[in-house]
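Quick caveat, the model's predicted, so the values are computed rather than measured.
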Amino acid sequence: MSTDPAYTLYHPRWYRRRVSVWWWLRKRSYAWFVLRELTSVFVAFFAVILLSQVRAVGAGPEAYGGFLARLGTPLLLAVDAVAFLLVLVHAITWFNLTPKAMVVRLGGKRMPDWAILGSNYAAWVVLSAVVAFVLLRA
Amino acid sequence: MARITPLLWLLFSAGGTVAALFFPIHLLLTGLAVPLGWLEAPRYDAMHRLVAHPVTRLYLFVLISLPLFHWAHRFRYTLYDGLQLKHLTALIAVLCYGAALLGTAVAAYLLWTFA
């Protein structure tokens with residue numbers, strides 16, 4: 001990610017070779033970067049699903065039934081399957097980045113990367129289990 | 001813009017963490033397991049009782065709002081860099097963060113007036 005996209009606003013024009021809009025298809029690492037950034041689209045998609053779930057539960061049993069029926073349509077099932085995979089990509093790349101983005105010191109010593117990674121994944125497992133328990137008990 | 005950049009970055013990273021920790025399980029259960037018939041859907045009464053609880057409502061507000069800001073921030077830069085739309089900086093920022101704000105307002109309204 002660039003820091004400030006407007007950084008050349010008042011800078012004199014200089015010669016730049018035009019780069020194709022498809023620059024990120026040239027290298028696998030570029031494509032992976034764009035895929036990782038695009039996971040956010042599916043994050044937003046699922047936030048909207050959650051929003052419609054809240055609305056349906058608040059609107060009554062028929063609206064809730066309609067919400068469940070809509071989730072069962074082939075189109076939404078397909079999108080949800082893709083969204084699940086990409087949200088997993090988001091979670092894994094996000095957890096793996098934390099030791100690089102955040103340096104934790106304990107008693108003057110830097111916590112090793114594996115400890116931060118381990119606590120991330122442990123929190124993920126525990127919180128997922130709690131959510132599953134609460135939702136399935138309901 | 002420069003003044004609120006740290007705040008936007010904070011929302012981005014908090015939203016990324018919330019989405020990473022909670023979205024996979026919610027998506028797996030609500031989006032796949034229930035519609036495919038692997039699990040039975042929660043009954044309406046139980047679901048209603050669950051969402052009506054203040055703690056659940058607060059949880060749902062955070063669960064919806066922060067990931068929207070995560071999306072807004074990330075998608076904004078994807079548009080700048082990926083599609084090279086640097087000349088549309090202001091418009092893209094307004095649309096992305098505006099959508100996240102709108103979603104947050106809708107979530108707040110629905111959860112606050114939940115009956």
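Between B:Leu50 and A:Leu135, the shortest heavy-atom contact is CD2-CD2, 4.4 Å. B:Pro42 approaches B:Met47 most closely through the heavy-atom pair CB-SD, 3.8 Å.
Of the residues considered (B:Leu36, B:Leu28, B:Val51, B:Leu39), B:Leu28 shows the highest number of contacts with chain A, using heavy-atom pairs under 4.5 Å. For chain B, the option among A:Val125, A:Val57, A:Val48 with the highest count of heavy-atom pairs below 4.5 Å is A:Val57. Highest contact tally toward chain B, considering only A:Asp80, A:Val21, A:Thr98, A:Val79, is held by A:Asp80 [criterion: heavy-atom pairs under 4.5 Å]. Of the residues considered (A:Ala44, A:Ser128, A:Ala83, A:Pro61), A:Pro61 shows the highest number of contacts with chain B, using heavy-atom pairs under 4.5 Å. Of all the listed residues (A:Ala123, A:Ala81, A:Gly60), the one sharing the greatest number of non-hydrogen pairs under 4.5 Å with chain B is A:Gly60. Most heavy-atom pairs under 4.5 Å with chain B, from the set A:Leu88, A:Leu77, A:Val34: that is A:Leu77. The candidate with the highest count of non-hydrogen atom pairs below 4.5 Å against chain B, out of A:Gly58, A:Ser20, A:Ala129, is A:Gly58.
Counting only distance, with no hydrogens or angles, the side chain of B:Ser65 and the backbone of B:Val62 share no donor-acceptor pair below 3.5 Å. No donor-acceptor pair under 3.5 Å is formed between the side chain of B:Arg74 and the backbone N or O of A:Glu37.
Of the two parts of B:Phe75, the backbone and the side chain both hold a non-hydrogen atom closer than 4.5 Å to a non-hydrogen atom of chain A. Looking at A:Trp124, both its backbone and its side chain come within 4.5 Å of chain B, counting heavy atoms on both sides. Residue A:Thr73: no heavy atom, backbone or side chain, is found under 4.5 Å from chain B. With a threshold of 4.5 angstrom between heavy atoms, B:Thr113 does not approach chain A through any atom at all. Contact annotation for B:Ile64: both backbone and side-chain heavy atoms come within less than 4.5 Å of a heavy atom of chain A. Only the side chain of B:Leu29 has a heavy atom closer than 4.5 Å to any heavy atom of chain A. Contacts of B:Thr56 with chain A are absent, with no heavy-atom separation under 4.5 Å from either backbone or side chain. Heavy atoms of A:Leu136 lying under 4.5 Å from chain B belong exclusively to its side chain. Heavy atoms of B:Ala19 lying under 4.5 Å from chain A belong to its backbone as well as its side chain. Neither the backbone nor the side chain of A:Ile49 comes within less than 4.5 Å of any heavy atom in chain B. Only the side chain of B:Phe22 comes within less than 4.5 Å of a heavy atom of chain A; its backbone N, CA, C and O stay farther away.
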Task: Test log, rule ring pair (Phe, Tyr, Trp, His ring centres under 6.0 Å), inputs B:His53 and B:Tyr59 - done: CA-CA 10 Å; B:His53 195 284; B:Tyr59 167 77; over 10 Å; no

- [ ] Please assess A:Phe33 against A:Tyr30 for the test ring pair (Phe, Tyr, Trp, His ring centres under 6.0 Å), listing each intermediate value before the final yes or no.
- [x] CA-CA 5 Å; A:Phe33 163 76; A:Tyr30 298 164; 8.4 Å; no

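Relative ring orientation between A:Trp94 and A:His90 is described as tilted, the plane-to-plane angle lying within the 30° to 60° band. Ring-plane geometry between B:Phe12 and B:His73 is classed as tilted, the angle between the planes lying from 30 to 60 degrees on a 0 to 90 degree scale.
Contact of the A:Phe42 side chain with the A:Thr39 side chain is not registered, since no non-hydrogen atoms from C-beta on lie closer than 4.5 Å. For the pair A:Thr93 and A:Trp32, the minimum side-chain heavy-atom distance is below 4.5 Å. In this structure the side chain of B:His26 reaches within 4.5 angstrom of the side chain of B:Leu63, judged on heavy atoms.
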